[in-house]
Asker: 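What follows is a structure written as structure tokens; I'll ask about it next.
Quick note: numbers below take in every heavy atom, side chains included, and nothing from hydrogens, waters or symmetry partners.
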Amino acid sequence: MLRRELSGEWPLPFAGGVSAMIALLLLLTPLTVGVQALRWLVGPYSFIFSVTLLAFARRLRQLAQEMQAA
């Protein structure tokens, strides 16, 4: 039932994974001094956003499994 309602949920884990990779790239690559402030603003935001998306995608998958079992 949930898959019928949310047919396009695949972007959630994809966006979470991409955000996590961008966060790691920003935090691990040395940049010029002027861009470092931006790195420390975007990096943590990207990490938190990616974790949130991955948790939401996991919960949607759990709901789909619960609805199939019922």
Asker: State yes or no: do L54 and F47 share one hydrophobic cluster built from I, L, V, M, F, W and Y residues joined by side-chain heavy-atom distances below 4.5 Å, directly or via other members?
Answerer: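 Result: no, two separate clusters.
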Asker: Are F56 and T52 close enough that some pair of their side-chain heavy atoms sits under 4.5 Å apart?
Answerer: no
Asker: Under 4.5 Å between side-chain heavy atoms, hopping through other hydrophobics if needed: is there a path connecting Y45 to L53?
Answerer: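 Yes, because Y45 and L53 connect within a single hydrophobic cluster, where side-chain heavy atoms sit under 4.5 Å apart.
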Asker: So how far is it from R59 CZ to E66 CD, rounded to the nearest 0.5 Å?
Answerer: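 That separation rounds to 5.5 Å.
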